[in-house]
Amino acid sequence: MCGRPISRGTSVLVPMKTAFQDSRSAVITWLRRRFVPIAVIVLVAGAFANLATTLFVPVGARPAWKHGGGDLGFLVHRDDSSTEDQYGFYVDLGAVARDGTLVVPPGSWVDPHTARGLAGVAVETRDYPPAADALLGPVGERTGRVLVAGLLVPYWIVPGPPTDVFWLASFRDGFAAVPSSVAPVPGGDD
Amino acid sequence: MTEVGLAVLVSASGVGVLAPLQGRLPRWALVSLAFPAGAGTYSIIGLGLLLTVGTVHVATALALTVAAGAAGAVVAHLRRSLGWESLFVLGLVVVGTAVVAAIAWTQHLTRLTPDSIRYLLVSSDIGLPSGLSEIQPDDLLKRQIGLPMLQTLAELGPRRYLAFVSPMFAASAVGLFVWLASHMLRDAPHRLRWSLVGAATLFVLSTNRFVYHAFYINTHMAMALFMLVAIAGIWLAIEESQPVWGILAGWAMALTLLFRPEGPIVTALILVPFAATAAPMRLRWRVVGPVLAVFAAWYVGGLWIHAPGGWDRGPVAPVLGNSVVVLAVVVLTLVGGTGRGSRWARLAGRALLPAMVGLLVTLLAIDPQLGLESLGATIRNLAPDWTWQHFTGSGGLWIFSWPVILVLLATALIVGRDGAGRLWRVPIVGFGILFFILPYLRGSAYRVGFGDSGSRIATHIVLVVVAYVLLVASETIASRRETRPDRQTAVSSEPG
């Protein structure tokens with residue numbers, strides 16, 4: 001089997017090792033001869049299995065699918081809920097308040113860095129009572145939800161005449177970005 | 001300016017930058033590498049502006065990139081290497097880029113996650129005065145500067161991000177892969193050659209996550225391309241005696257330093273086996289020169305100064321650790337070219353993988369929970385999940401790709417011969433070990449899900465592994481050809 005006679009005085013381990021080496025090299029030789037057809041078959045079978053299975057993957061997890069818009073706002077609100085929950089507020093704010101100012105109370109969850117980068121607004125901290133339920137009339141459905149301290153809370157971007165200054169209010173069970181043209185910052189300069 | 005126009009300008013600049021190499025690089029490789037060359041030039045020029053002026057004026061950076069392309073064309077003209085061929089290459093690149101960019105722009109295929117947003121935020125920061133100081137420290141270390149720098153071009157476009165960056169890197173990667181595969185198999189019979197090239201390309205294009213990353217705003221597709229250029233470039237420079245590829249490999253590795261926090265370690269995995277070869281000193285300088293230049297600019301001029309806490313941070317990119325890795329591997333590569341130093345380089349080449357295994361085992365012994373959690377998550381991410389969970393997106397969505405890759409890789413590692421294959425084998429196996437060391441460096445385990453960083457990093461090595469499988473296939477074909485005439489001779493010489 002190993003192709004070599006066991007000579008007298010030789011340890012039995014030596015031919016065992018040789019046998020192992022021989023069979024190993026036989027396997028390698030066999031694999032080497034058939035490597036190309038094996039590679040072609042495995043690659044093609046894998047490709048077709050991939051393509052067939054991808055059809056069953058839900059649309060949101062498919063590698064590419066067309067959607068209706070192209071701007072960053074649409075992209076944020078499209079299919080990845082964690083992106084939308086973390087950054088949707090800033091994108092929505094940027095659509096109405098770009099180059100303006102967002103006034104926030106001390107200790108606010110609004111990140112000035114993200115607000116500047118995504119919404120193009122400067123964040124200014126002022127001390128004011130943020131409750132706005134008494135100030136705002138019907139504002140319709142919430143604009144979206146935002147992740148605050150691990151909780152998803154609703155937010156409203158309140159519509160109103162154009163202005164450079166918005167302020168952050170606590171509203172219903174969430175938050176609202178209020179244009180100073182609708183209600184001036186409580187106790188503020190505007 | 002439209003995104004299509006921006007993409008064409010970047011690619012055309014890349015053609016100019018590569019023009020002095022024309023005649024020494026095959027046409028298809030030139031076409032495939034034009035966009036990465038232009039994008040890399042823009043990134044490096046932008047980095048230069050950021051470090052010297054403090055901010056990136058996008059129009060200036062783009063104008064300088066186009067100027068660099070024009071300068072390359074002038075150099076090529078003076079060397080008399082410009083001709084109709086150059087115009088043909090330029091035409092192909094312009095048309096190809098315009099088609100890819102137009103599809104990316106109009107078809108709205110871009111994918112975005114919170115990570116993508118962080119890249120775009122860094123991109124908006126570096127356009128501010130004192131741009132580097134504006135970037136949040138975590139982002140500076142984790143996101144690096146390469147992709148945000150490219151995305152600054154969006155300032156000249158109508159939207160606040162560029163849709164064409166990942167698709168162009170993907171098109172370049174696939175183009176280069178097809179050329180490389182057909183080059184490796186050039187001695188194989190025609191039908192066999194194109195069957196293998198076609199099967200491999202079909203497999204890559206059928207890989208769900210490869211296509212995903214081709215439209216995803218992140219660094220993974222760029223890294224997949226850079227790793228392929230670096231490893232294939234060094235192999236071509238040494239085994240095929242085409243030293244011009246050494247420059248391209250060097251630039252690809254240099255760009256990994258700008259794109260990923262683990263870039264220095266990946267560079268080390270590629271350079272250590274290269275250091276152990278008998279490559280002449282000139283080739284060694286060609287390879288490490290760009291790495292050293294970009295390291296000096298980004299790490300010394302950028303991160304050392306502007307990454308607060310970068311020195312003592314544990315997670316993904318400890319600046320000091322990465323600097324030591326880059327400098328050590330550059331010194332090793334250069335010392336390996338000297339008489340005495342070659343022994344040390346060979347020793348390091350042999351010791352690299354066992355040392356990495358030793359490190360991984362030690363880390364596992366210290367914190368087995370983190371390692372096992374990462375292993376479990378990786379298995380669930382890379383293996384097809386036969387339950388319905390898979391189809392609802394809980395796994396890595398690699399479907400059948402990694403099982404196929406691992407089967408072929410294991411067979412190729414058994415069948416492949418030592419020697420040239422070592423330049424591929426060490427980075428591939430090293431990457432596999434590094435994959436499980438990274439959770440320890442960042443201090444958290446991989447998780448199940450296609451957004452997991454481990455699942456995404458796995459994209460970097462796919463093209464390299466499939467190319468290595470084809471290299472082994474070409475070796476087996478060549479060895480069978482070598483033995484066949486002997487057999488025929490033996491048969492014909494037998495007495496009738």
Side-chain angles (χ1 to χ4, degrees), chain A residues 24 27-58 60-80 82-87 90-91 94 111 113-114 116-118 120, chain B residues 105-114 116-117 120-121 123-125 134 136 159-161 163 188 192 195-196 199-200 202-203 205-215 384 391-393 397 399-401 403-405 407-408 411-412 414-415 450-451 466 469-470 472-473 476-477 479-480:
Chain A
R24 183 168 164 264
V27 169
I28 292 174
T29 308
W30 186 90
L31 275 175
R32 196 167 280 155
R33 278 197 190 144
R34 286 157 184 80
F35 185 70
V36 171
I38 288 174
V40 172
I41 291 167
V42 171
L43 285 169
V44 171
F48 282 111
N50 275 341
L51 290 170
T53 312
T54 295
L55 297 175
F56 297 102
V57 173
R62 279 192 201 156
W65 61 284
K66 192 176 170 176
H67 58 90
D71 67 349
L72 189 62
F74 197 92
L75 212 54
V76 168
H77 290 298
R78 187 157 50 98
D79 63 325
D80 189 315
S82 60
T83 317
E84 186 176 350
D85 297 338
Q86 287 183 51
Y87 299 105
Y90 300 98
V91 169
D111 175 28
H113 171 83
T114 310
R116 186 196 63 208
L118 276 186
Chain B
W105 189 35
T106 59
Q107 296 304 303
H108 310 310
L109 297 167
T110 304
R111 306 308 300 264
L112 188 91
T113 64
S116 317
I117 290 281
L120 297 179
L121 283 170
S123 173
S124 71
D125 286 340
E134 296 286 348
Q136 292 199 346
R159 302 190 300 205
R160 302 188 53 222
Y161 67 96
L192 192 57
S195 301
L196 271 165
L202 178 69
F203 173 75
L205 293 178
S206 76
T207 296
N208 187 292
R209 292 297 92 186
F210 186 87
V211 182
Y212 177 90
H213 286 290
F215 297 102
F391 298 110
T392 54
L397 282 171
I399 310 183
F400 293 99
S401 293
V404 165
I405 289 169
V407 164
L408 287 177
T411 316
I414 294 168
V415 168
F450 59 84
V466 180
V469 167
L470 295 182
V472 172
T476 61
I477 293 167
S479 67
R480 284 178 71 182

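Chain A is the first sequence line, chain B the second, and so forth, proteins listed ahead of strands; every chain is numbered from 1. Worth knowing before you read on, the calculation uses all heavy atoms, side chains too, and leaves out hydrogens, waters and symmetry mates.
- Counting only distance, with no hydrogens or angles, the side chain of A:Y87 and the backbone of A:T114 share no donor-acceptor pair below 3.5 Å.
- Note on B:I414, B:D125, B:V407: by heavy-atom pairs under 4.5 Å with chain A, the leading option is B:D125.
- With a 6.0 Å cutoff to the six-membered ring centre and a 45° limit on the axis angle, A:R32 does not count as a cation-pi contact of A:F35.
- In terms of non-hydrogen atom pairs under 4.5 Å with chain A, the most contact-rich of B:V469, B:V466, B:N208, B:T476 is B:N208.
- Among the candidates B:G451, B:A199, B:P114, the residue making the largest number of heavy-atom pairs closer than 4.5 Å to chain A is B:P114.
- Only the side chain of B:L192 comes within less than 4.5 Å of a heavy atom of chain A; its backbone N, CA, C and O stay farther away.
- For the set B:L470, B:T106, B:L109, the entry with the most heavy-atom pairs within less than 4.5 Å of chain A is B:L109.
- A:R116 touches chain B through its side chain: at least one heavy atom from C-beta onward sits under 4.5 Å away, while N, CA, C and O do not.
- Under a cutoff of 6.0 Å and an axis angle of 45°, B:R209 and B:F450 form a cation-pi pair.
- Counted by atom type alone, B:S401 and A:N50 present one or more donor-acceptor pairs between their side chains at under 3.5 Å.
- Residue B:I405: no heavy atom, backbone or side chain, is found under 4.5 Å from chain A.
- By number of non-hydrogen pairs under 4.5 angstrom with chain A, the leading residue of B:V211, B:V404, B:L121 is B:L121.
- When all heavy atoms of B:T110 and B:A163 are compared, the closest pair comes out as OG1-CB, 3.3 Å.
- Chain A forms the most heavy-atom pairs under 4.5 Å with one residue out of B:S123, B:A412, B:A188, and that residue is B:A412.
- For A:T29, no part sits under 4.5 Å from any heavy atom of chain B, backbone or side chain.
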